[in-house]
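As a basis for the values below, the full set of heavy atoms in this structure was taken, side chains included, without hydrogen atoms, waters or symmetry mates. Please read these numbers as outputs of a predicted model, since none were measured by experiment. Here is the naming used below: chain letters follow the sequence lines, and residue numbers restart at 1 for every chain.
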Amino acid sequence: MSFDVNIILRYYPELLGGAWVAVWITAVSLVCSSAVGAVVCIGRLQKHGAASRLATAYIDLFRATPEIVLIIWVFYCLPLLFDVRIGRYGCAIIALSAYGGAYMAEIFRAGVQAVPRGQIEAANALGIPIFHIVRRVIVPPAIGWMMPALVNFLTELLKATSLLALIGVAELIFVASTLGSKTFAYMEFYTAIAVIYFMIIFPLSVYARRAEQRRLRRTGN
Amino acid sequence: MTETAQDSANGANGAKEGDPIVLCRDVVKRFGDFTALDAVSTEVRVGEVVCIVGPSGGGKSTFLRMINGLEGIDGGEIVVDGIHLPGGKKDIQNVRREVGMVFQSFNLFMHMSVRQNLILAPMTARGLGRKEADDRAERLLERVGIGDQIDKYPSQLSGGQQQRVAIARALAMEPRVMLFDEPTSALDPEMIKEVLDVMRELAESGMTMLVVTHEMGFAREVAGRVLFMADGQILVDAPPERFFSEAEDERQANFLSKIL
Amino acid sequence: MIRAGTRAGTLGGLANRWGFHAVLLALGALMLANLNWTLVRSFEFAFIWEYRIALINGFGITLLLTVEAGIVGILFGTLFAIGSQSPFAPLRWLVAAYVEVFRNTPLLVQLLWIHFALPLVTGINTTALVSGIIGIGLQAAAYYTEIMRAGIQAVPRGQIEAAQALGLPARTRWTRVVLPPAIRTVIPALLNQNISFFKATAIVGLGLLVDDFFNSALRVSNDTFHFIEPLTFAAAVYLVLGWQAGRWTLRLERRLTRGER
Ligand SMILES: Nc1ncnc2c1ncn2[C@@H]1O[C@H](COP(=O)(O)OP(=O)(O)OP(=O)(O)O)[C@@H](O)[C@H]1O
Ligand SMILES: [Mg+2]
């Protein structure tokens, strides 16, 4: 057998289109995950009460359920349950954001808890208003702390978009499978999308690993 | 610090030289079943320097933290320059403007430069402009002897320098009372003096100070009164000459024999 | 971390407990109000029982893939991790390349490649299940290599040097000195990784149409046109098992770290 590069070049607009879909769904889901994660994280930070228990339950629920199960469940069940039309893309974003929210909540929590208590106490002692404490004293070091985990999560999200092919979202796998069944050049197209995924995800992993090492060296443990 | 003292003396409450500015009546603090402070009463007058000594776990830190609203009050009351605690958020906020606090572990904001550490609170809690806050920061750093370090980050400074920044940071809010919780305990011996010198100068300028410390030399020399705290109570309240020469309490004698 | 006792100025204060609860209640009420109650009232889970054989068989496949990921992963992961410590640079590069490729591409892409593209190279057609077994095994090896490598690097250098100074042969050095403590430190990570693979087996089912537990449930749905009951049941099974396994792992991890002190 031979590897036909030309056929990839011929269909590269379709492949790029698939990559674009994967990227924008990731971006939108990341934003929604952060919003969900922030709310869940605030709930989780409460010492007790319904909000705290609910947040813990949310995190356990969405971390223990496989992403693919969640995607399929949202796609088949959610529109029926609420009697609405959501569409594949809507379902994709809902499922990924619900799952991502649980991870982001834990990432945010680790970040906030990494800020030494003494710093928050000193800010309180100085009479700095709570809004400024959060914005100036807690968030900047927390972000530095969270960066590696955040980027790692981003790579997980990118990989998870590949599952959306199973509900008919025209991302890379869907495009490659369609082109493959049309031209029988499965080898070429599946290799091409593997390379595309790798080129997007690998630099992010390298960055996350480096950032993590830098952080460990800085905090010295 | 005369300038500051006058500023606030014209403020809302304005206790004058010699008036009580911190008043504690039967203050109680519990952590669960454990009583950390058991009906503590005392008063501190404007310009007074009070040192608090005593064995570990006696409640010294808890007492200071309550005066600054960092711990809730479970019984009795604390009045700081006419503001009553326990009270609402507003009261706690007002008390914190009047009362500066210096911690054993400095607690500088590590991601901010020294300048940013000093201007954050005046700008956000006092509504000062950038220019004013900057001027104040520069003046205070000169005063604590590290004017040339203003654009460094805390991690680039020695422990003694960091603690002096922390003192300047608290002073930038122009407090009327300064609380020090073992400010030199985390420092190497050669840096203790530079911090104590700053505190001594502050005391001479008329600042009201409550200092938890194990530096008995400092207490003897600078304090107007020494309090001995153990088991959540003030067992002894005496001027330093008497405190260090004749023990009135068995535990005090025991403590002094260990520490002197 | 942030003390609840400090009333003015905590994150708890920011969230404003009552306001937060009010928003949660409103959200919950909104969801309940918009539920399709006619549908909810018609729910009927009993018919799933009729498909028990298919579901149990499917669960067998799921278990098979999970256990396979663990065994193949640990075996090859350990071998590759030892390779990653080799003084022979090309071997180290090969291991690194393998690990990076399989960790930085989605499992579904790997599975499809193995099932549809690989036979064009080898000329051997594999059934979907075999392709799935190969795919999960390859990916597991990559992930477990990383974990084992971290474990090996956590073994104090002095131990290895002492073994070398004693003149132990390389084989004994690995099996008796380096690997036992390395494996011990990474047991929780290995178990957590295996839970991830338990979850990932559903991708094999749907992606390659292997009748694992989840795909069997989806088949029941397609057969009966009842989507919600079988899928919710399946999701609940994954949830309960994954959650319970996570708790056991956490407990084990706590016990192991306690034991070290
Ligand atoms: N947040 C807390 N929760 C529970 N107990 C506490 C808390 N803070 C302080 N305590 C207890 O209250 C008692 C007094 O503590 P405090 O820190 O005020 O003592 P201290 O006199 O400052 O001691 P040291 O000289 O060691 O600093 C101690 O027994 C301590 O264990
Ligand atoms: Mg203390």
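- Within residues 226-234 of chain C, the residues approaching chain A closer than 4.5 Å by heavy atoms are, in numerical order, F227(C), I228(C), L231(C), T232(C).
- In this structure, CH2 in W37(C) is found 13.5 Å from CG in D83(A), a value given to the nearest 0.5 Å.
- Here the shortest heavy-atom pairing between A194(A) and T105(C) reads O-CG2, 3.5 Å.
- Note that the NE2 atom of H115(C) and the OH atom of Y186(A) stand 10.0 Å from one another [nearest 0.5 Å].
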Can you give each donor-acceptor pair under 3.5 Å made by side-chain atoms of residues 168-185 of chain A, sequence neighbours left out, with the distance rounded to 0.1 Å?
from, atom 1, to, atom 2, distance (Å)
E171(A), OE1, I173(A), N, 3.1
E171(A), OE1, Y197(A), OH, 3.2
E171(A), OE2, I173(A), N, 3.1
E171(A), OE2, F174(A), N, 2.9
S177(A), OG, I173(A), O, 2.9
S177(A), OG, Y190(A), OH, 2.9
T178(A), OG1, F174(A), O, 2.6
S181(A), OG, S177(A), O, 3.3
S181(A), OG, T178(A), O, 2.9
T183(A), OG1, L179(A), O, 2.9
T183(A), OG1, A185(A), N, 3.2

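- Of the inter-residue distances, the one linking N104(C) atom CG with I200(A) atom CD1 reads 11.5 Å to the nearest 0.5 angstrom.
- Contacts between residues 211-224 of chain C and chain A, defined by a heavy-atom separation under 4.5 Å, are made by F214(C), L218(C).
- Looking only at heavy-atom pairs under 4.5 Å with chain A, the residue among L35(C), L107(C), L206(C), L118(C) that has the most is L35(C).
- There is no contact between T155(A) and chain C, counting heavy-atom distances below 4.5 Å.
- Proximity to chain C (any heavy atom under 4.5 Å) is shown, for T161(A), by neither the backbone nor the side chain.
- Interface with chain A: from residues 240-249 of chain C, residues G242(C), W243(C) qualify, criterion being any non-hydrogen pair under 4.5 Å.
- More than 12 heavy atoms of other residues, nucleotides or ligands lie within 6.0 Å of CZ in R92(C), so this atom counts as buried by the packing criterion.
- The most heavy-atom pairs under 4.5 Å with chain C, out of I193(A), I72(A), L54(A), L70(A), come from I72(A).
- The closest donor-acceptor contact from the side chain of K159(A) to the backbone of L108(C) lies at 3.5 Å or more, if one exists at all.
- Per-residue counts of heavy-atom pairs under 4.5 Å with chain C were compared for L80(A), L78(A), T65(A), L81(A); the largest is that of L81(A).
- Scanning both residues, W113(C) and M187(A), for their nearest heavy atoms gives CZ2-CE, 3.6 Å.
- Interface remark: L39(C) contributes side-chain atoms only to the contact with chain A (heavy atom separation under 4.5 Å).
- Summarising the geometry of D60(A) relative to L239(C), their closest heavy-atom pair is O-CD1, 4.1 Å, with the distance given to 0.1 Å.
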**Request:** Go through E100(C) and R209(A) one step at a time and tell me if the salt bridge (charged side-chain N to carboxylate O under 4.0 Å, His left out) criterion holds.
**Result:** CA-CA 12 Å; E100(C) 296 302 341; R209(A) 219 173 307 159; 3.0 Å; yes
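- Residue contact with chain C, scored on non-hydrogen atoms closer than 4.5 Å, involves the backbone and the side chain of V39(A) alike.
- If you take CD1 on I71(A) and CD1 on I203(C), they are separated by 8.5 Å, rounding to the nearest 0.5 Å.
- If you measure heavy-atom distances from V40(C) to chain A, the contacts under 4.5 Å come from the side chain alone.
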